[in-house]
Amino acid sequence: MAAKKLDAIIFGASGFTGKYTVFEAVSVLKGLQWGIAGRNQEKLQSVLREMGAKSKTDLSQTPIVIADVNNEASLLEMAKRCRILVNTAGPYRFFGERVVRACIEAGTHHVDVSGEPQYMETMQLRYHDLAKERGVYVISACGFDSIPADMGVTFVEKNFDGVVNSVENFVHLGVKGGTKGTGSAALNTGTWESAIHAIANRSESVAIRRKLFPERLPNFHPALKSRSPLSRAAEVDNKVILPFPETDRSVVMRSQRFLYELEKKRPVQMQAYMTYPSWFAASVVVLFASIIGIMAKFSFGRQLLLKYPTVFSGGMASREGPSEARMERSFFRMTMKATGWPKSEKLAETTDQYTSPPTKTLTVRVTGPNPGYGSTCVALLSTAKTILNESDKMPGSGGVLPPGAAFRGTSLISELEKHEHGIKFEIVANK
């Protein structure tokens, strides 16, 4: 007799992100039938014991599926066992495509926490039409990259009461009560490796985007200019800013592009910045980022970066990952400032240009705990649950989509707000 089909399977469950996803699944996937998957039965059983103890829940009867990224038949068998696959096995540029392919073949939805633009855009280029045909949703960037930003822009548009021209997003990462006694590591090496490969292969993005979007979007005015690095931003108490890595912006742009093509909605322009308390703190980041950026371009440099993550990240990345104390006290806060025009000035056609400058602003705050491995895991599982419960409120019948495009019509934001390690969206100022 064939085993009963599960609602969801968490793949890569013995990895760092995977095991915390198992922990959050106890509450987020309550009432659903879920299992875990990976290569090693013993490691998977040990994750169930550890996360069962942490969540004070008996997880010993949780179904375990053995699947290996190097064995495509095992991936297909796993995909056939569930309605949605929650994929935490990165770096996705190496291991993601096989899993996506297996899911589409099995007719199973797929979500992951990739923040790698080249992987996400390649999947859209290769599999969007096939996924649509098979009625399968394939959605990446369902963690801290880029649910807060992409759903933040969605939240802005829902509450703006007019037409949004641009959004500037200021991102603050902090640790309550400071980092003393929590160890310096904020990332585990899996996250670090994904980042190094994304930096090394940044130039690929241009070629992929040319194929993915052969037609340019019309230019909309006024154009949102990027602010100077190391300048101060009045919107966030004059903190020093640096450009935020590419992921969020590229994901938001893909969502906006999709909505323009689908319903001729005027695309929102977006820029994102990290905020730092002082010029000195920001300069240290620039120094490390420059060294990493240069080294990642050469294979010898990449080998060093991957071999000695603690040294080259200034202690930020380690094989053990962040301590429990560090994760429990870390948080993120995004301040999103939108500008545009009130409803009374709406134009007849999307492509018409405004002759007057934008006069209306809205400031929104998006916050959550433990961006790396807490709210990321809650967000990932919430997207899976939303696809299972509300696919009728999602565009078309499937496809490879960014989260903002996929979940705009669903109740994902209220689902994210329900959970202890979830994400809150609030209006700060509306003028």
Side-chain angles (χ1 to χ4, degrees), residues 10 12-29 47 50-57 86 88 90 111-115 141-152 169-192 194-195 244-245 247-248 272 274-275 309 313 315-335 365-385 403 412-413 415-426:
I10 298 164
S14 57
F16 199 85
T17 307
K19 73 176 185 178
Y20 285 100
T21 304
V22 171
F23 171 71
E24 298 295 353
V26 174
S27 57
V28 182
L29 299 184
V47 164
E50 187 190 342
M51 292 301 137
K54 186 170 156 67
S55 63
K56 301 182 175 59
T57 313
V86 176
T88 67
V111 287
D112 67 46
V113 288
S114 171
C142 291
F144 174 66
D145 295 327
S146 292
I147 291 284
D150 211 7
M151 295 313 292
N169 184 14
F170 302 93
V171 185
H172 170 72
L173 300 175
V175 180
K176 285 181 189 138
T179 55
K180 202 169 185 245
T182 64
S184 62
L187 305 171
N188 86 309
T189 44
T191 308
W192 169 256
S194 297
F244 190 66
T247 304
D248 279 356
M274 287 288 288
T275 65
S313 65
M316 285 291 282
S318 80
R319 299 203 186 284
E320 297 73 43
S323 66
E324 290 275 336
R326 171 84 178 218
M327 288 194 286
E328 273 164 26
R329 282 158 50 182
S330 64
F331 68 94
F332 74 87
R333 180 173 62 240
M334 289 184 171
T335 305
R365 192 179 294 133
V366 183
T367 50
N370 185 2
Y373 309 101
S375 45
T376 272
C377 303
V378 170
L380 176 63
L381 294 162
S382 298
T383 61
K385 188 173 170 182
L412 175 61
I413 286 176
E415 178 63 39
L416 291 166
E417 292 191 312
K418 264 189 219 164
H419 301 286
E420 186 192 348
H421 296 144
I423 299 170
K424 302 273 178 286
F425 295 77
E426 56 195 326

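Residue numbers start at 1 and run along the sequence shown. Since the model is a prediction, treat every value here as computed from it, not as a measurement.
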Main-chain N/O of [Y] paired to [X] side chain as donor or acceptor, under 3.5 Å:
{"X": "T247", "Y": "G115", "value": "yes"}
{"X": "S146", "Y": "A149", "value": "no"}
{"X": "K424", "Y": "V366", "value": "no"}
{"X": "S382", "Y": "L416", "value": "no"}

For [X] and [Y], which heavy atoms make the closest approach, and how far apart are they?
{"X": "M334", "Y": "D248", "value": "CE-OD2, 3.7 Å"}
{"X": "P369", "Y": "H421", "value": "CG-CA, 3.6 Å"}
{"X": "I413", "Y": "M151", "value": "CD1-O, 3.7 Å"}
{"X": "P309", "Y": "T189", "value": "CG-CG2, 3.4 Å"}
{"X": "P403", "Y": "I147", "value": "CB-CD1, 3.7 Å"}
{"X": "G422", "Y": "S375", "value": "O-CB, 4.1 Å"}

Could you check whether any side-chain heavy atom of [X] comes within less than 4.5 Å of a side-chain heavy atom of [Y], counting everything from C-beta outward?
{"X": "F332", "Y": "P148", "value": "yes"}
{"X": "D112", "Y": "T88", "value": "no"}
{"X": "N188", "Y": "R319", "value": "no"}
{"X": "P322", "Y": "S330", "value": "no"}
{"X": "R329", "Y": "N370", "value": "no"}
{"X": "N169", "Y": "V171", "value": "yes"}
{"X": "P371", "Y": "L173", "value": "yes"}

For this session: Verify side chain to side chain contact (heavy atoms under 4.5 Å, CB included) between W192 and S313, making sure each step is shown before the conclusion.
Result: CA-CA 9 Å; W192 169 256; S313 65; 3.4 Å; yes
Which distance, rounded to the nearest 0.5 Å, do you find between the [atom1] of [X] and the [atom2] of [Y]?
{"X": "R333", "Y": "H172", "atom1": "CZ", "atom2": "NE2", "value": "4.5 Å"}
{"X": "I423", "Y": "E417", "atom1": "CD1", "atom2": "CD", "value": "9.5 Å"}
{"X": "E324", "Y": "Y373", "atom1": "CD", "atom2": "OH", "value": "12.5 Å"}
{"X": "T191", "Y": "F144", "atom1": "OG1", "atom2": "CZ", "value": "12.0 Å"}
{"X": "I10", "Y": "T21", "atom1": "CD1", "atom2": "OG1", "value": "6.0 Å"}
{"X": "K19", "Y": "M51", "atom1": "NZ", "atom2": "CE", "value": "5.0 Å"}

For this session: Verify side chain to side chain contact (heavy atoms under 4.5 Å, CB included) between Y20 and M327, making sure each step is shown before the conclusion.
Result: CA-CA 11 Å; Y20 285 100; M327 288 194 286; 3.3 Å; yes
